[in-house]
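Every heavy atom of this structure was used, including side-chain atoms; hydrogens, water molecules and symmetry mates were not.
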Amino acid sequence: LLVKTDSLGTVEWNQTFDGSGNYGGESVQQTTDGGYIITGGITNDAGNPDIWLIKTDSVGDTLWTKTIGEYDDGHGNMPFDKDYGKCVKQTADGGYIITGQSGLNVVSEATVCLIKTDAQGDTLWTKNYSVPGESAGNYVELTSDGGYIITGWNVWNGIILIKTDSNGNEQWNKTFGGGSGTSVQQTTDGGYIITGNNGFGNLVIIKTDSNGNELWSSQYGGSNADEGYSIKETSDGGYIVAGD
């Protein structure tokens, strides 16, 4: 589902994209041509998700779609394929960068993936980052040096933070015990601000330096489960978080 509203939140139009058992849209960004790019998941022939990439025009009509995944075990089967797009951003060259999860969730543990495409959604390169235990990327952001910063989760180590160069080569990775990172932004001091949950029902904010070393963290929440979904630095040097 893609919904466009005016500045007061009144719906201007909506579009739906029907795949074979699609898993839904997870991330959208307006593109430089006035259209939109969406990522999420779509069911493959084995009944498991592949990454789905959808490009639309300015009123949400489909221009093209791509699926990324389709692992073959050498016998024409894809029984454990688990590929899912969680976040997409347009890059300076007009292409797209996607993070999510990729791998064989039963044969071998699924990992954080980073996929670079050209402007037509054709894959230029794919990277997978090995953190022991099942992992997934939830959010990717372009960094000031032309690289990428990814946050997500690891089944054993909780929140993960991965920094890459412009070709997706890992420069460093950090883990912050428990929970899941759902949003990250590079801050004006060159460090990073992360939000998500701490694994114990609290919304968490973590501030790091430029090398991903934790400077401080804060937790917020009551008796119910709380989680941050999006975080941005504000003009006064603070941070604003949306979540539940």
Test F17 against L2 for side chain to side chain contact (heavy atoms under 4.5 Å, CB included), laying out the working first. CA-CA 8 Å; F17 307 91; L2 185 65; 3.7 Å; yes
**OP:** Would you sort out whether W172 and L161 count as a side chain to side chain contact (heavy atoms under 4.5 Å, CB included), showing the intermediate values?
**Re:** CA-CA 8 Å; W172 49 258; L161 188 66; 3.9 Å; yes
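- N167 and K127 make their closest contact through O-CE, 3.2 Å (heavy atoms, listed as atom of the first residue, atom of the second, distance).
- To the nearest 0.5 Å, the span separating CG on D189 from OG1 on T208 amounts to 8.5 Å.
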In a table with atom names and distances, give each donor-acceptor pair under 3.5 Å that connects a side chain of residues 7-15 to protein atoms at least two apart or in another chain.
unit_1	atom_1	unit_2	atom_2	d
E12	OE1	K4	NZ	2.9
Q15	NE2	V59	O	3.1
Q15	NE2	D61	OD1	2.9

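- Interatomic distance, L63 CG to I54 CD1, rounded to the nearest 0.5 Å: 11.5 Å.
- Counting Ile, Leu, Val, Met, Phe, Trp and Tyr side chains that sit under 4.5 Å apart, directly or through other members, F200 stands alone, with no cluster partners.
- By the salt bridge (charged side-chain N to carboxylate O under 4.0 Å, His left out) test, E227 pairs with no residue at all, sequence neighbours left out.
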Intermediate values then yes/no, side chain to side chain contact (heavy atoms under 4.5 Å, CB included), I98 and I68 = CA-CA 11 Å; I98 309 159; I68 304 169; 4.1 Å; yes
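- N198 and V204 get closest at one heavy-atom pair: N-CG1, 4.0 Å.
- No side-chain heavy atom of I38 sits less than 4.5 Å from a side-chain heavy atom of W52.
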If you look only at distance, which donor and acceptor atoms sit under 3.5 Å apart when one is on a side chain in residues 236-244 and the other is two or more places apart or in another chain?
unit_1	atom_1	unit_2	atom_2	d
D236	OD1	T234	OG1	2.6
D236	OD1	G238	N	3.0
D244	OD2	Y229	OH	3.2

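- Summarising the hydrophobic clusters (Ile, Leu, Val, Met, Phe, Trp, Tyr; side-chain heavy atoms under 4.5 Å, direct or chained), the residues clustered with W156 are W153, V155.
- Both I150 and L142 sit in one connected hydrophobic cluster of ILVMFWY residues. Membership requires side-chain heavy atoms under 4.5 Å apart, directly or through other members.
- Remark: the backbone N or O of T32 is paired with a side-chain donor or acceptor of Q90 at under 3.5 angstrom.
- Here OG1 of T151 is found 5.0 Å from CD1 of I194. Values are rounded to the nearest 0.5 Å.
- A search for salt bridge (charged side-chain N to carboxylate O under 4.0 Å, His left out) contacts involving D145 returns K163, not counting sequence neighbours.
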Output side-chain donor-acceptor pairs under 3.5 Å for residues 110-119, partner residues at least two apart or in another chain, one line each.
unit_1	atom_1	unit_2	atom_2	d
T111	OG1	S102	O	3.3
T111	OG1	N128	OD1	3.2
K116	NZ	T91	OG1	3.3
K116	NZ	D93	OD1	3.3
K116	NZ	D93	OD2	3.1
D118	OD1	Q120	N	2.9
D118	OD1	G121	N	3.1
D118	OD1	D122	N	2.9

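- Taken to the nearest 0.5 Å, the OG atom of S180 stands 7.0 Å off from the CD1 atom of I159.
- Between V140 and K89 the shortest heavy-atom distance is O-NZ, 3.2 Å.
- Applying the salt bridge (charged side-chain N to carboxylate O under 4.0 Å, His left out) criterion to D57, with sequence neighbours excluded, gives no partner residue.
- Side-chain heavy atoms closer than 4.5 Å link hydrophobic residues (I, L, V, M, F, W, Y) into clusters, and following such links, even through other members, never connects I42 to L1.
- Nearest heavy-atom pair, Y36 versus G34, reported as atom, atom and distance to 0.1 Å: CE1-O, 3.9 Å.
- By the salt bridge (charged side-chain N to carboxylate O under 4.0 Å, His left out) test, D209 is found to be paired with no residue, residues two or more places apart in sequence or in another chain being considered.
- The two residues Q171 and T164 make their nearest non-hydrogen contact at OE1-O, 3.3 Å.
- Between S217 and I206 the shortest heavy-atom distance is CB-CG1, 4.0 Å.
- By the side-chain contact (heavy atoms from CB on, under 4.5 Å) test, S58 is found to be paired with no residue, residues two or more places apart in sequence or in another chain being considered.
- Note that the CG atom of N173 and the OH atom of Y129 stand 10.5 Å from one another [nearest 0.5 Å].
- Residues passing the side-chain contact (heavy atoms from CB on, under 4.5 Å) test with T175, sequence neighbours excluded: N157, I160.
- In this structure, the side chain of T182 engages the main chain of G228 through a donor-acceptor pair within 3.5 Å.
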What do the steps show when you test E134 against Q101 for side chain to side chain contact (heavy atoms under 4.5 Å, CB included), and what is the final call? CA-CA 9 Å; E134 184 179 357; Q101 187 179 61; 3.0 Å; yes
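- Here Q185 pairs with I193, K232, E233 under the side-chain contact (heavy atoms from CB on, under 4.5 Å) rule; sequence neighbours left out.
- Looking only at distances, no side-chain donor or acceptor of D83 sits under 3.5 Å from a matching main-chain atom of I51.
- Considering CH2 of W125 and CG of N169, their distance stands at 8.0 Å, rounded to 0.5 Å.
- Panel note: side chain Q186, backbone S144; a donor-acceptor pair is recorded below 3.5 Å.
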